[in-house]
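Not measured: the values here are computed from a predicted model.
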Amino acid sequence: MTTDAPESPPPQTSARPRRSRGRRVRLVVSAVLAVVVLLCAAVGGISWYFAGVATQVDHSVEYRTEIVDAGNGTVTLPREPFTERPGTWALIWKGGRALLGPVVGGGKKRVVRRVASVLEGTLIKGAPADIDHWLYDSDPKTALGLDFQNVTYPSKVGPMPAWLLPGASPKSTWVIGVHGRNADKAETFRAMRAVHATGLPMLSIAYRNDVGAPRSADHRNHLGDTEWNEVASAVAYARANGATGVVLYGWSMGGAMVMTTLRKDPSFVRGVVLDSPVMDWSATLDKQGDDRHLPRFVTDVAKRMLSKRIGIDLRDFDQRPYAPRLRTPTLLFTTAEDATVANRPAFAFAKAAPPGMVTHIAAQGDHTEAWNVDPAAYERALTAFLTRTR
């Protein structure tokens, strides 16, 4: 037995709780950092993919619908906005093409259209199909009965193929047709009859990365930032072969290429025709991102990645600041339901241009479909414009 009192336990200190709170803070910070890293990786991945899609060269055919039935001079299709739209269209399927007439029947889920003519193949029930607003394929003689020459013009990346419709005389104003991104010369078919009727020669050009044309070093679309050089080369070719001036005619991205060419040297350009043009790539990429439900900050990252990836300054493709200095007569077609290109920059460009310099035709339809919805009205406007500017 001892009389010594037991030692009191040592007083508690706050050291352990501080270490515990510090550990928790570190864990929380680590978790937050992990989430941030994963989020950045996800944003970076999505942005890189989106930038890649914007610059991808893709000439494949997408079939968005199918032939439900066919016979007695009609074809039945699922009812969609693009299958029921009034106007002049082609139906395409693997190995086949038909010109469509008006809607003659159907119901809530089906639309029946008259078949004006079958140009190729046989309509097959169940075949994947699509509506083609270019209307024709092949070449100007086969499609439209117009005489033409297969020519090549020199460019920075090699000899480029083109179709030359001679017109009444080479010593006149030439129309140079420039198709859009991932399209081809067939996109210009819809303008050919009207141009030919004016007697003006028309040069419909291919450019880098087109089927049958030289490739760029990276085999990427540069949104017109490099491709505009082919337009300038085509102008030089026309001039060397008798042209006294040119009208530059661009569809979609071809419109951006035309506008860059005009801004670089307007001296030989008598007029410009723009059909659903990209008048601001930044706004168009925003629209595409919104349609894919991407947060705007993700689209912004994608645009920065795209700029670095192909060396483009998107600010150079906002045409609105140039509008007040425009001195070249311009015919502008836009469509109310354009799901591809942002329209507002085109409206702003037309409004900011000097009075009378831009003739703006606002039509119905989707991207580059102003002709399809009303061919007669489109061709009247085009003919009047070319007659004034030749």
**Prompt:** Do the non-hydrogen side-chain atoms of Trp174 and Arg270 ever get within less than 4.5 Å of each other?
**Reply:** no
**Prompt:** Within 45° of the six-membered ring axis of Tyr322 and under 6.0 Å from that ring's centre, is NZ or CZ of Arg263 located there?
**Reply:** yes
**Fill in**
Heavy atoms of Gly177 and Trp251 approach each other most closely as CA-CZ3, 4.1 Å
**Item:** Any donor-acceptor N or O pair under 3.5 Å, side chains His133, Asn372
**Value:** no
**Request:** Answer whether the closest heavy-atom distance between the side chains of Arg181 and Ser252 falls below 4.5 Å.
**Result:** no
**Asked** Cluster partners of Val61, using ILVMFWY side-chain heavy atoms under 4.5 angstrom, listed by chain and number?
**Response** Tyr63, Ile92
**Message:** Under a 3.5 Å threshold, yes or no: a donor from one side chain and an acceptor from the other, between Asp265 and Ser267?
**Reply:** yes
**Message:** Distance alone, cut at 3.5 Å: any donor-acceptor contact between the side chains of Ser282 and Asp280?
**Reply:** no
**Request:** Compute the ring centroids of His360 and Phe333, then answer whether they are less than 6.0 Å apart.
**Result:** no
**Donor-acceptor pair between Asn221 and Asn209 side chains, under 3.5 angstrom** = no
**Asked** Does a salt bridge link Lys141 with Asp139, judged by any charged N lying under 4.0 Å from a carboxylate O?
**Response** no
**Message:** Looking only at the side chains, is there a donor atom on one of Ser155 and Ser233 sitting less than 3.5 Å from an acceptor on the other?
**Reply:** no
